[in-house]
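Here's the structure we're looking at; comments come further down.
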Amino acid sequence: MAATADPVKPKTSPKSIKFLFGGLAGMGATVFVQPLDLVKNRMQLSGQGSKAREYKTSLHAVASILRNEGVRGIYTGLSAGLLRQATYTTTRLGIYTVLFERMTKADGTPPNFLMKALIGMTAGATGAFVGTPAEVALIRMTADGRLPPDQRRGYTNVFNALIRITREEGLTTLWRGCIPTMARAVVVNAAQLASYSQSKQALLDTGYFGDDILCHFCASMISGLVTTAASMPVDIVKTRIQNMRMIDGKPEYKNGLDVLFKVVGKEGFFSLWKGFTPYYARLGPHTVLTFIFLEQMNKFYKIYFLDS
């Protein structure tokens, strides 16, 4: 009887654990790259409405933040960054996993590249919608230090920000800029999927790389360059809209196109790529660190819960 029994399928962690680990991995990576997010946001907002730049380079921005706000200032908005990962990354991973499994054929054949791209873009857009409130809080908290003391919002943490935004500006303000946020997620996912896959294959074809973490890191950095260039104009639209104030009872910007026209007209075409260096420096390492943390959590879960 034992010889004819069906083979035992290998144990895998429940979906809830996979989603939890995905969110925790993104949060762990954010702890390391939050300063780069801060610098990127500050540079995108600098010189708003004119060609004069508040920060000349990323290093100048870091030095200015350290001088004016201290070491703790570098981690301004960390609570919002962590909540963004807890909402955006967990939702994106959950949607992607569910859709991927549904699109996988009965014989185990996975979806083709185009279908994977569509699944990735759908998951990214959905995750971005869910994560928009944390994104709004993050943009405002990281922008606060560059304002004169009497103009600062002074949020103490992400939950204080969410409560005050809801009370002072209305619940819908939490989803301000959700369209460009979702558009950015679609662009990022599409660019990352295509460029990462191509970069990894090109590196493996050289014969100098194996399918290991070095190859993954290099492919991530190449992919990050392409993704950064493609998504930054949408990202600066998102940042400006989420940080805007009401002027004489009217919003600073009417919509995303208005932001683009004003930035190009008043600050120059290449201002659409303000903060390119910190954005790029964040994107690749964040991806690599997320996967490193994810692999380690899955490894320990397998050792202590599945194999015990």
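Numbering of residues begins at 1 and proceeds along the displayed sequence.
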* Step by step, would you call D37 with R84 a salt bridge (charged side-chain N to carboxylate O under 4.0 Å, His left out)? -> CA-CA 12 Å; D37 227 4; R84 179 178 65 174; 2.6 Å; yes
* Asked: Given the rule in the side chain to side chain contact (heavy atoms under 4.5 Å, CB included) test, do T90 and L20 qualify, once you have shown the distances and angles that lead to the verdict?
  -> CA-CA 7 Å; T90 304; L20 174 65; over 6 Å; no
* Asked: Does the side chain to side chain contact (heavy atoms under 4.5 Å, CB included) test come out yes or no for S195 and I222, once each step is laid out?
  -> CA-CA 8 Å; S195 58; I222 296 169; over 6 Å; no
* To do: Begin from the C-alpha positions of K238 and I139 and carry the test side chain to side chain contact (heavy atoms under 4.5 Å, CB included) through to its verdict.
  => CA-CA 9 Å; K238 173 193 73 66; I139 296 300; 3.6 Å; yes
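Applying the ring-ring contact (aromatic ring centres under 6.0 Å, His included) rule to pairs touching residues 208-230 yields nothing, sequence neighbours excluded. The ring-ring contact (aromatic ring centres under 6.0 Å, His included) contacts involving residues 21-44 comprise F21-Y301, where partners must be two or more places apart or lie in separate chains.
Judged by distance alone, with hydrogens and angles left aside, the side-chain atoms of T76 form a donor-acceptor pair with the main-chain N or O of G73 at under 3.5 Å. Remark: side-chain polar atoms of R42 are paired, donor with acceptor, to backbone N or O of T142 under 3.5 angstrom. For the pair N243 (side chain) and T239 (backbone), a donor-acceptor distance under 3.5 Å is absent. Distance alone, capped at 3.5 Å, places no donor-acceptor pair between the D235 side chain and the S231 backbone. Under a 3.5 Å cut-off, the side chain of S46 and the backbone N or O of M43 do form a donor-acceptor pair. At distances below 3.5 Å, not a single donor-acceptor pair connects side-chain atoms of Y280 with backbone N or O atoms of A229. Judged purely by atom type and a 3.5 angstrom limit, H60 uses its side chain to pair as donor or acceptor with the backbone of K56. Looking only at distances, a side-chain donor or acceptor of R152 sits under 3.5 Å from a matching main-chain atom of L147.
Between E267 and R240 there is a salt bridge, since a side-chain N of the basic residue sits under 4.0 Å from a carboxylate O of the acidic one. E169 has a carboxylate O that lies under 4.0 Å from a charged side-chain N of R140, or vice versa, which qualifies the two as a salt bridge. Electrostatic pairing of D258 and K262 counts as a salt bridge here, judged by a charged N lying under 4.0 Å from a carboxylate O.
Scanning for salt bridge (Lys or Arg N to Asp or Glu O under 4.0 Å) contacts around D212 gives an empty result, with sequence neighbours left out. Listed by chain and residue number, nothing satisfies the side-chain hydrogen bond (donor to acceptor under 3.5 Å, both in side chains) test with Q198 (two or more places apart in sequence, or in another chain). Applying the side-chain hydrogen bond (donor to acceptor under 3.5 Å, both in side chains) rule to Q85 yields the partners T89; only residues at least two apart in sequence or on another chain are considered. Under the salt bridge (Lys or Arg N to Asp or Glu O under 4.0 Å) criterion, K200 pairs with D211, sequence neighbours left out. Under the side chain to side chain contact (heavy atoms under 4.5 Å, CB included) criterion, M232 pairs with Q44, T228, W273, F276, Y279, not counting sequence neighbours. Remark: R92 pairs with no residue by the salt bridge (Lys or Arg N to Asp or Glu O under 4.0 Å) rule, at least two apart or across chains. In this structure, R153 has no salt bridge (Lys or Arg N to Asp or Glu O under 4.0 Å) partners at least two apart in sequence or on a different chain.
Counting heavy atoms from C-beta on, the side chains of Q34 and R282 never come closer than 4.5 Å. Residues L66 and I74 form a side-chain contact, since some pair of their non-hydrogen atoms from C-beta on lies under 4.5 Å apart. The shortest distance between side-chain heavy atoms of R146 and Y55 falls below 4.5 Å. Side chains of S271 and V264 form no contact here, defined as non-hydrogen atoms less than 4.5 Å apart.
Note: the hydrophobic cluster containing Y253 also contains F269 (ILVMFWY, side chain heavy atoms under 4.5 Å, direct or indirect links). Residues V237 and V188 fall within the same hydrophobic cluster, defined by Ile, Leu, Val, Met, Phe, Trp and Tyr side chains chained together at heavy-atom separations under 4.5 Å. Both L225 and F270 belong to a single network of hydrophobic side chains, linked directly or stepwise wherever heavy atoms of I, L, V, M, F, W or Y lie under 4.5 Å apart. Cluster annotation: L138 and V33 are assigned to distinct hydrophobic clusters (Ile/Leu/Val/Met/Phe/Trp/Tyr, side-chain heavy-atom contacts under 4.5 Å, transitive). I179 and L260 are assigned to two separate hydrophobic clusters, defined by single-linkage of ILVMFWY side chains at heavy-atom distances under 4.5 Å.
Residue G28 comes nearest to F293 through the heavy atom pair C-CE1, 3.4 Å, listed as atom of the first residue, atom of the second, then distance. Of all heavy-atom pairs between A128 and A185, the closest is CB-CB, 3.7 Å. Among all heavy-atom pairs drawn from N160 and G154, the shortest one is OD1-O, 4.2 Å. The two residues A134 and T87 have their closest heavy-atom pair at CB-OG1, 4.3 Å. Between A191 and S223, the shortest heavy-atom contact is O-OG, 4.5 Å. The heavy-atom pair separating V39 from P278 by the smallest distance is CG1-CG, 3.8 Å.
The structure places CG of L82 at 10.5 Å from CG of L24, a figure rounded to the nearest 0.5 Å. To the nearest 0.5 Å, atom CG of residue L38 and atom CD1 of residue I65 are 4.0 Å apart. Taking CG of N189 as the reference point, atom CZ of R184 lies at 9.5 Å (rounded to 0.5 Å). For the atom pair CD of E69 and CG of D144, the computed distance is 9.0 Å after rounding to the nearest 0.5 Å. Separating the CD1 atom in I241 from the CG atom in N255 is a distance of 7.0 Å, to the nearest 0.5 Å.
Under 3.5 Å, the side chains of T181 and Q242 contain a donor-acceptor pair of N or O atoms.
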Which side-chain N or O atoms in residues 118-126 pair as donor and acceptor under 3.5 Å with protein atoms at least two apart or in another chain?
| residue | atom | partner | partner atom | Å |
| --- | --- | --- | --- | --- |
| T122 | OG1 | L118 | O | 2.8 |
| T126 | OG1 | T122 | O | 2.8 |

When the side chains of residues 94-105 are checked against the rest of the protein, which donor-acceptor pairs come out under 3.5 Å, sequence neighbours left out?
| residue | atom | partner | partner atom | Å |
| --- | --- | --- | --- | --- |
| T97 | OG1 | L93 | O | 2.8 |
| E101 | OE1 | K15 | NZ | 3.0 |
| T104 | OG1 | F100 | O | 2.7 |

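Counted within 6.0 Å of CG on L59, heavy atoms from surrounding residues, nucleotides or ligands total 12 or fewer; the atom is thus considered open. Few gaps surround CZ on R167; more than 12 heavy atoms of other groups in view lie less than 6.0 Å from it.
Here M141 sits in one hydrophobic cluster together with L83, F129, V136, Y155, V158, F159, L162, I165, L171, L174, W175, M182; the rule is ILVMFWY side chains under 4.5 Å apart, joined directly or through other members.
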